[in-house]
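This report concerns only the one structure given below.
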Amino acid sequence: MIEIGKYNTLKIDRTTSVGLFLTDGKTDVLLPKKYVPRTFEIGDEIDVFIYLDQEERPVATTLKPYIRLNEFALLRVSYINKFGAFVDWGLEKDLFVPFREQARPMEEGKRYIIYMYLDEKSNRLAGSSKISQFLDNEELTVETGEEVDLLVSHITDMGINVIINQKHKGLLYKDDVYKELRTGDKLKGYIKNIRPDNKIDVTLQKQGYEGIEPNAEKILDELRSGRGFLRLNDNSHPEDIKTVLQMSKKTFKKAIGSLYKQKLIDIKEDGIYLLK
């Protein structure tokens, strides 16, 4: 079955003046001439993205959209008319976001986190900026300590709200962030804590002993680039550590403690020395 809003692996069935007709064995779909590969043979398989063209007919493309069905992405509003907003998702036809699906009135040229869904009544792809209704924290698919994909949804005074694995909502506390983040940023993170109410706290660094290793390596890199000396130690101000290494003082102390035990560094009053 050909699925709209997703990548499909289809066979080349026949060639025409307007392009190739692809099939899954039951249904045919057109791959317009401008997307036809330079070399091909009838019967070859090809990966294509399926969406609806201007006449609401399924059509294939080899272009890569910014978003797929049941996913979230940061998209820019191309224009607005009396029906709603239309956002650029990397394909020829913009994605429609009805007024009823806008968390707040959208403005042309601005970017918003959008969820793409298939409207059951019209069988058309559409977008929504009311993203909370599409996030599910009732049935979690993640565990504490697990590495996950994060998408920054919005930033508040408490912290940074993120979408976890395109499924769950989580919170990244500002105290755990040592670089500037913006809405739409994609990054790797780790599940720090799952609360009894299924709210999820995430962090950008591994927890426990394993988390020391990448930070220790970072300190070693700084020492090597600084001719074996780093003007930081246990007594350094947290802001100085954050500025130089983009890590908390607690993480820094764990890392240098590990390096000291391995006899890779010496810690003195004026800073850290690399031992050869």
Side-chain angles (χ1 to χ4, degrees), residues 6 67-74 103 112-117 128-222 232 234 236 238-239 241-262 264-265:
K6 296 183 179 181
I67 189 173
R68 292 180 288 182
L69 183 64
N70 301 328
E71 288 187 352
F72 302 85
L74 182 70
Y112 302 85
I113 296 293
I114 299 295
Y115 178 84
M116 188 168 77
Y117 65 95
S128 175
S129 63
K130 294 181 177 180
I131 62 176
S132 293
Q133 63 182 317
F134 301 105
L135 293 169
D136 177 23
N137 277 45
E138 292 298 321
E139 297 183 12
L140 299 181
T141 60
V142 295
E143 298 179 353
T144 302
E146 182 179 340
E147 182 179 90
V148 292
D149 292 316
L150 304 177
L151 172 66
V152 176
S153 57
H154 55 285
I155 300 171
T156 68
D157 292 336
M158 180 179 292
I160 299 165
N161 289 289
V162 295
I163 296 170
I164 304 168
N165 289 348
Q166 294 285 337
K167 295 179 180 179
H168 312 304
K169 53 186 174 182
L171 181 66
L172 177 61
Y173 288 98
K174 287 186 176 179
D175 289 345
D176 289 337
V177 179
Y178 301 101
K179 60 181 179 180
E180 184 179 358
L181 293 178
R182 298 179 180 178
T183 297
D185 283 351
K186 296 179 180 180
L187 57 159
K188 293 290 184 181
Y190 303 88
I191 303 300
K192 183 177 182 180
N193 181 44
I194 297 177
R195 304 183 217 170
D197 58 1
N198 274 14
K199 289 183 178 179
I200 306 173
D201 298 329
V202 298
T203 180
L204 301 184
Q205 297 177 332
K206 284 186 178 180
Q207 300 297 291
Y209 181 77
E210 289 185 353
I212 295 175
E213 296 308 319
N215 294 308
E217 186 61 40
K218 189 172 186 178
I219 292 171
L220 288 176
D221 288 342
E222 286 290 332
L232 293 172
D234 298 56
S236 296
E239 285 299 318
I241 296 171
K242 178 179 177 181
T243 299
V244 176
L245 299 171
Q246 289 78 53
M247 66 178 68
S248 68
K249 184 169 183 177
K250 182 179 179 181
T251 299
F252 170 73
K253 291 180 71 173
K254 284 183 179 180
I256 63 174
S258 172
L259 294 172
Y260 184 79
K261 288 180 182 178
Q262 296 175 61
L264 296 175
I265 63 169

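All of these numbers come straight from a predicted model, not from anything done at the bench.
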Minimum heavy-atom separation for [X] and [Y], please, with both atom names.
X: Lys249; Y: Ser236; answer: NZ-O, 3.0 Å
X: Ser128; Y: Gln133; answer: OG-NE2, 3.5 Å
X: Leu69; Y: Lys6; answer: CD2-CE, 3.8 Å
X: Glu146; Y: Thr141; answer: OE1-O, 4.1 Å
X: Thr183; Y: His154; answer: OG1-CA, 3.9 Å
X: Ile113; Y: Ile131; answer: O-CG2, 3.7 Å

When you measure from the side chain of [X] to the backbone of [Y], do you find a donor-acceptor pair of N or O atoms at a distance under 3.5 Å?
X: Gln166; Y: Phe72; result: yes
X: Lys174; Y: Thr156; result: yes
X: Lys188; Y: Glu147; result: no
X: Thr243; Y: Glu239; result: yes
X: Asn198; Y: Glu138; result: yes
X: Asp201; Y: Lys192; result: no
X: Asp149; Y: Asn165; result: no
X: Asn161; Y: Lys169; result: no

* To do: To the nearest 0.5 angstrom, please state how far the CG atom of Leu259 sits from the CG atom of Leu220.
  => 4.5 Å
* With rounding to the nearest 0.5 Å, note down the distance linking CG in Leu171 to CD1 in Ile164. => 9.5 Å
* Determine the interplanar angle of the Phe134 and Tyr115 rings, folded into 0 to 90°, and report it as parallel if under 30°, tilted if 30 to 60°, perpendicular if over 60°. => parallel
* Can you tell me if CG on Asp157 sees more than 12 non-hydrogen neighbours from other groups inside 6.0 Å? -> no
* Applying side chain to side chain donor-acceptor pair (under 3.5 Å), name anything that partners Tyr173, two or more places apart in sequence or on another chain. => Arg195
